Amino acid sequence: MQRLKALTWDHPRGYNALAAAAARPELAEWGLAIDWEKQPLEGFESHPIADLCARYDLVVLDHPHVGEALAGNCLRSLEDVFGDSTVQALEAESIGPSLRSYRFGGAHWALPLDAATQVMAARADLLEAPVPELWDEVVALSRTTGKVALSLAGPHAALSFLSIAAAFGDPPAETDPEVLVSRHVGRPVYELMRDLANRSPRSVRDRNPIGILDHMASNDDVVLCPLVYGYVNYAAPQTGHQVAFHDAPRRIPGGRPGSTLGGTGIGISRRCEITPAFKRHLLWLMSREAQVDFIPVHDGQPSRREAWHDPRVNARWGGFYENTADTLEQAYVRPRHDGYIAFQGKASALLRQAFEDKAPADGVLESLQALYASHRKAGGER
């Protein structure tokens, strides 16, 4: 019996489907056992990946960790494990950049088990007008109600900044990997966030996305969060109010819904023994059977495109998938160089303090650029 140690993040979306899949009787018949353990969301976002790979055979990770993982030589590439043709087929079946985001240094480093990006969350029962589609409409709703919340805790202030810059036509570090964002786009993005942050309800300012959505489902002081990582379970809750999910805001009608890709992938550590049963199980997790039928009913968010447009899946989950698929297809992919994770956390702290101080834009943008440059490794692929 091959017994594997595996680590995911502590939320029904991150754990339940993986644990249920590991309990399928087929695995025992194949001579395979997988013990899934959990770590808190904050650890998932920031814990050194090499340390986890030294202790676990499978590690659920976020794509910005792949540069750090490659520098630490701690993961096996998908090409080495499954072959090029299988990886190419998976990429064609995956929604948006959910598999491509794990490509770095000429190879892919994780299977896209779970697809997610920042979307708009609303208490539709409390809104007197249609859900906003444009950033100007979000600002107007904030000014009239005082009930529009920004997701600013942990790394999320920086993530929201990146997303709005993408909506405003300058996806960070895409045109020039050395430049985070141009001044002519960075200034209005920062000023929009500062304006919204000053009215954002204090009840959720220190909460991560799960905390914000929990609060929205049980309180009436937040009617809209324009950028928050989507969690499908809030769209069809067993208790509390339904939270409706929609595409992220755009700057102009028909423009790009600015959003920074999230989601999770299954990384295979170098300590893991590769066997036919192991590969069979992981490829089953990527199959239509698992992604359309098994994973959604076990609280997961599938990465296969057809699941996001499946009528049964959407009927069960309040239209969550169909209502946000366009945002996911166009989601912005963060830099993945070694050092990016540290930048993300420090940039968020810098932005939160700047909002509190009502600091002018130009100085904040200079500080963000200096911070970005100091954490970027020369010669690294994005």
Side-chain angles (χ1 to χ4, degrees), residues 8-20 38-42 44-45 114-132 138 141-142 144-154 156 159-160 196 199-249 259 262-264 295-302 307-308 310-325 327-328:
T8 186
W9 51 297
D10 188 9
H11 187 271
R13 192 182 115 202
Y15 177 79
N16 288 4
L18 289 172
K38 309 174 195 177
Q39 67 171 333
L41 178 62
E42 287 72 20
F44 164 76
E45 292 173 337
D114 172 289
T117 196
Q118 289 167 314
V119 292
M120 190 183 315
R123 280 286 303 278
D125 58 313
L126 300 178
L127 288 174
E128 297 180 359
V131 174
V138 172
L141 182 65
S142 170
T144 57
T145 68
K147 295 183 176 183
V148 173
L150 285 186
S151 179
L152 299 175
H156 298 282
L159 296 174
S160 294
L196 289 172
R199 286 188 299 274
S200 188
R202 293 213 170 255
S203 57
V204 295
R205 288 194 182 183
D206 297 328
R207 294 176 180 257
N208 64 21
I210 295 170
I212 291 173
L213 294 170
D214 276 340
H215 186 89
M216 290 181 68
S218 56
N219 297 274
D220 294 348
D221 62 327
V222 177
V223 299
L224 187 84
C225 185
L227 286 174
V228 66
Y229 283 96
Y231 285 80
V232 67
N233 48 301
Y234 294 96
Q238 295 181 353
T239 60
H241 297 281
Q242 180 187 38
V243 178
F245 293 90
H246 299 269
D247 283 319
S259 177
T264 62
I295 288 175
V297 302
H298 288 91
D299 303 312
Q301 284 181 203
W308 285 69
D310 186 88
R312 293 173 304 152
V313 172
N314 277 284
R316 168 65 182 85
W317 296 104
F320 171 91
Y321 295 100
E322 194 71 49
N323 290 345
T324 59
T327 299
L328 186 49

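If you're wondering where the values come from, they're calculated on a predicted model, not measured in any experiment.
Although no hydrogens or angles enter the test, the distance criterion places no donor-acceptor pair under 3.5 Å between the side chain of S218 and the main chain of G240. Between the Q39 side chain and the W9 main chain, no donor and acceptor come within less than 3.5 Å of each other.
Side chains of H11 and N16: no donor on one and acceptor on the other come within 3.5 Å. Inspection of the T327 and S259 side chains reveals no N or O donor paired with an N or O acceptor under 3.5 Å. Judged purely by distance below 3.5 Å, without hydrogens or angles, the side chains of D221 and S203 pair a donor atom with an acceptor atom.
Taken from OG1 in T144 to CZ in R199, the straight-line distance is 9.0 Å, to the nearest 0.5 Å. L127 CG to L141 CG: the interatomic distance, rounded to the nearest 0.5 Å, is 6.0 Å. The distance from the NE2 atom of H298 to the CG atom of L18 is 11.0 Å, given to the nearest 0.5 Å. Considering CD1 of I212 and OG of S200, their distance stands at 7.5 Å, rounded to 0.5 Å.
When every heavy atom of A121 is checked against every heavy atom of F245, the shortest pair comes out as CB-CE2, 3.9 Å. The two residues F320 and A235 make their nearest non-hydrogen contact at CB-CB, 4.0 Å. Contact detail for L227 and Q118: the closest heavy-atom pair is CD2-CB, 3.9 Å. The two residues N208 and A153 come nearest to each other via the heavy atoms N-CB, 4.2 Å. Of all heavy-atom pairs spanning V222 and P201, the tightest one is CG2-CG, 3.9 Å. Between M120 and P249, the shortest heavy-atom distance links the atoms CE-CG, 3.5 Å.
With sequence neighbours left out, the salt bridge (charged side-chain N to carboxylate O under 4.0 Å, His left out) criterion links D10 to K38. Legend: residues meeting salt bridge (charged side-chain N to carboxylate O under 4.0 Å, His left out) with R123, ordered by chain and number and at least two apart, are D125, D220. When the ring-ring contact (aromatic ring centres under 6.0 Å, His included) test is applied to Y234, no partner is found at least two apart in sequence or on another chain.
The side-chain hydrogen bond (donor to acceptor under 3.5 Å, both in side chains) test with R13 singles out one residue from N233, D299, D114, and that residue is D114. The side-chain contact (heavy atoms from CB on, under 4.5 Å) test with L150 singles out one residue from C225, S160, P226, and that residue is P226.
Ring-plane geometry between Y321 and W308 is classed as perpendicular, the angle between the planes exceeding 60 degrees on a 0 to 90 degree scale with a lower cut at 30.
Annotation: side chain of L213 is in contact with side chain of V228 (closest heavy-atom distance under 4.5 Å).
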